[in-house]
S.K.: 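Here it is: the structure, laid out below.
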Amino acid sequence: MSHSTAVAPLLQLRGVSVSFDGFWALKDLDLALLPGELRAVIGPNGAGKTTFLDVITGKVRPTRGDVLFRGRSLVGIPEHRIARLGIGRKFQTPRVIENLTVGHNLDLAVKGSHGPLTLLFGRLSAQQRQRVQELLAVVGLERHVAQQAGSLSHGQKQWLEIAMLLAQDPELLLVDEPVAGLSDEETELTGKLLRSLAGDHTVLVIEHDMDFIRELQAPVTVLHEGHVLCEGSMDVVQNDPRVIEVYLGTETEGEFQS
Amino acid sequence: MADLVSSRHLRRSLPWLLIVIAALVLPVLLPPFRLNLLGRFLSLGIVALGIDLIWGFTGLLSLGQGIFFALGGYALGMHLQLSALAPGELPEFFGLYGVKALPAFWQPFTSPLFTLLCIWVLPALVAGVLGYLVFRNRIKGVYFSILTQAALLVFFNFFNGQQKLINGTNGLKTDTARLFGELVGSDSMQRNLFWLTVLLVVGAYLLSRWLTRGRFGDALIAIRDDEPRLRFTGYNTTVYKTLVFAVAGAMAGVSGALYTVQSGIVSPQYMAVPFSIEMVIWVAVGGRGTLIGAVLGAVLINYAKSLVSEALPETWLFIQGGLFLLVVTALPDGLVGWWRRGGPGRLASMLGWPPRTATYPQLDLDPAVQAERSELEGGMK
């Protein structure tokens, strides 16, 4: 946060287009995130939400356009370096290393050098170990620290992955469907956690669950066929005729999920 | 409870203990021919350890470890060809092809020190370069396996064709060479080589264990299970894969050199396609990701192979194929994995003996309890 002034956006997408063999997953997408902002991104299936994250995190190279992070272009930088610049990503389905324990998952993710020599010869600093303990407490997995991640429940895996994301201490958190498959109670806690992160971090949440988005009380960006359809508060967005036309037809589906 | 702990301890250390006892007692018990065989098979355990590192832990199935194995063998073979020569003399085979001067790349192999380095550094370098090019381009899975096999074939054909440089198909003999004034093929030298092999197997095992314990090993497992996840966490996975592939290459080189001096010859046959596939089978049968299983697999299968081949030469390939099928279908974790996950107990109960239980039998046999217990055990690994 100290690196950016209050007005300059932390993340900016300028005219980003992505073509997969002639199919345009993203079309001329413009989007800016201010430091400390919490933003929700919604859109029907196939709107390009995941490709949008892939472009930011370096998995997919934009066919046209530019992605700027703190004013610096991310295009062409490999994924691991983008991650080290301070962009963390949580995947749609929980992606934890199932054959490692909960604690070891976090030990791998915790901020610090990720070079092979450090991992071979270095030890976790007291600070890093403390951070892991804190995060275990945040997501309520202290008792499971020695348990294999693969044996956790779905919700616990989601939270472990969020904890891994936090362990990286990224400036920008990209969170893809954090509450898919969670119970109501877990969903509420996840919402609280994400809201508490905003301010210190910039958080972008992709979700299908409309109730969850409303709970976040965050500005909403609606994606449709690869570009931004409209932006605004949940109430504004819901009353926008374009959104009603392209999106609310599937909102019933969204309500089934919640 | 104490019983449980000690039996778990025993289960963990038993295979290891067996190898140590065998190494101590066998030189006394076995005739030189059998001891020599065992030494050769143990040296194969080192290449198997390397395969366990890259395949069992990192998920890279290489079918081309024969390249690095043969490179180590050739490095030592060349040195031994030169070691007994008077100044100005050439190794005998050069005469057959009318070669009058020692090819330039043979020169440094007169130095024992250079040779000792070359045995593991050269294969490590070749593996590192090959690995880097492949991993940088994100080639993985079955494509990686095919590529390594293709590379193996390239090396195999190249070495076969170079009569004037390295005696082509015939390979280089080492038996009649002298090391420290003693014939390499002699019984006492072979016994020393057996000890050296045991020492290096232990060294390679300890190195592998050090690499796979701690966060580095966790990173390898993470690459195997979900490489993109690790990349998005800020890890340059290409570096890790290149590194571990180079280590496995170095181990293959050491293994090849030890195998060469105990077999009396190094030839392009070490780069034959079936041999490199067999190496993978040893690891699969012994147990992927168990380290000790790789060594056990290499020794047991090769011993079985030599015993079966002596009695019924035609049947070995069928038995080997059957073993592989058995492991793939019934023992996916290999022998050691099966052992560690309570396989013997399950087998006993299948045969009608009740398994030994820690609490009430009914409670112990409850599937839910068993599932929970195996989860807990997994977690403590």
Side-chain angles (χ1 to χ4, degrees), chain A residues 53-54 56-59 78-91 93-124 128 144-152 161 164-165 167-170 174, chain B residues 53 56-59 128 135-138 207-247 288-290 333 337 341 368 370-381:
Chain A
L53 292 191
D54 286 346
I56 300 171
T57 53
K59 192 179 175 200
E79 297 100 312
H80 67 273
R81 295 212 3 239
I82 292 181
R84 286 189 207 169
L85 285 175
I87 299 182
R89 175 176 186 178
K90 192 213 152 295
F91 287 84
T93 49
R95 297 265 287 269
V96 296
I97 309 302
E98 306 220 329
N99 282 304
L100 297 179
T101 64
V102 169
H104 287 172
N105 266 280
L106 285 170
D107 288 350
L108 275 182
V110 73
K111 191 182 186 181
S113 166
H114 286 167
L117 294 180
T118 309
L119 261 67
L120 270 178
F121 298 103
R123 288 173 151 217
L124 287 176
Q128 285 174 314
H144 303 275
V145 63
Q147 197 178 324
Q148 296 250 289
S151 66
L152 294 176
E161 200 185 359
M164 287 168 76
L165 190 63
Q168 285 173 251
D169 194 21
L174 306 170
Chain B
L53 280 181
F57 285 88
T58 324
F135 301 138
R136 192 192 57 173
N137 290 309
R138 308 253 166 115
L207 174 69
S208 307
R209 206 172 65 160
W210 177 65
L211 286 172
T212 51
R213 288 205 171 164
R215 283 209 293 163
F216 185 85
D218 289 348
L220 296 184
I221 290 173
I223 288 172
R224 179 191 70 193
D225 289 355
D226 194 344
E227 188 181 350
R229 183 75 193 85
L230 202 62
R231 245 192 241 126
F232 287 119
T233 313
Y235 283 81
N236 187 356
T237 53
T238 306
V239 171
Y240 281 82
K241 291 200 285 187
T242 305
L243 204 70
V244 76
F245 195 55
V247 170
R288 261 182 300 166
T290 62
D333 303 314
R341 275 157 222 234
Q370 285 187 335
E372 196 167 56
R373 189 168 289 161
S374 73
E375 265 172 20
L376 281 173
E377 264 180 25
M380 288 191 294
K381 198 177 74 175

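Below, read A as the first sequence line, B as the second, and so on, with proteins coming before strands; counting in each chain starts at 1. Values reported hereafter were calculated over all heavy atoms of this structure, with side chains retained and with hydrogens, waters and symmetry mates removed. Computed from a prediction, not measured in an experiment: that's the story for all the values here.
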S.K.: Please confirm whether the backbone N or O of A/G115 pairs with a side-chain atom of B/Y235, one donor and one acceptor, at under 3.5 Å?
M.R.: no

S.K.: Do B/N236 and A/H114 touch side chain to side chain, with heavy atoms closer than 4.5 Å?
M.R.: no

S.K.: Using side-chain heavy atoms (C-beta onward) and a distance below 4.5 Å, is B/I221 in contact with A/H104?
M.R.: no

S.K.: Flag the one option from A/L124, A/V102, A/I87, A/V96 with the top tally of heavy-atom pairs under 4.5 Å to chain B.
M.R.: A/L124

S.K.: Locate the shortest heavy-atom distance separating A/A83 from B/T233; write the atom from each residue and the value.
M.R.: CB-C, 4.0 Å

S.K.: Under a 4.5 Å heavy-atom cut-off, does chain A meet the side chain of B/D226, its backbone, both or neither?
M.R.: both

S.K.: Can you tell which part of B/Y240 gets under 4.5 Å to a heavy atom of chain A, answering side chain, backbone, both or neither?
M.R.: side chain

S.K.: A/Q168 versus chain B, heavy atoms under 4.5 Å apart: side chain, backbone, both or neither?
M.R.: side chain

S.K.: Hey, which of B/L211, B/V239, B/T242 is the one that makes side-chain contact (heavy atoms from CB on, under 4.5 Å) with A/P116?
M.R.: B/V239

S.K.: Could you state the interatomic distance from CG (B/D218) to CG (A/L108), rounded to the nearest 0.5 Å?
M.R.: 5.0 Å

S.K.: Would you say the side chain of A/K59 lies within less than 4.5 Å of the side chain of B/R231, judging by non-hydrogen atoms?
M.R.: no

S.K.: Top residue by heavy-atom pair count (under 4.5 Å) with chain B, among A/R81, A/R84, A/R89?
M.R.: A/R84

S.K.: So which atom in A/D107 and which in B/R215 form the shortest heavy-atom distance, rounded to 0.1 Å?
M.R.: O-NH1, 3.0 Å

S.K.: Picking from A/L120, A/I97, A/L165, which has the most non-hydrogen pairs under 4.5 angstrom with chain B?
M.R.: A/L120

S.K.: With a 4.5 angstrom heavy-atom cut-off, which part of B/R224 approaches chain A: side chain, backbone, both or neither?
M.R.: side chain

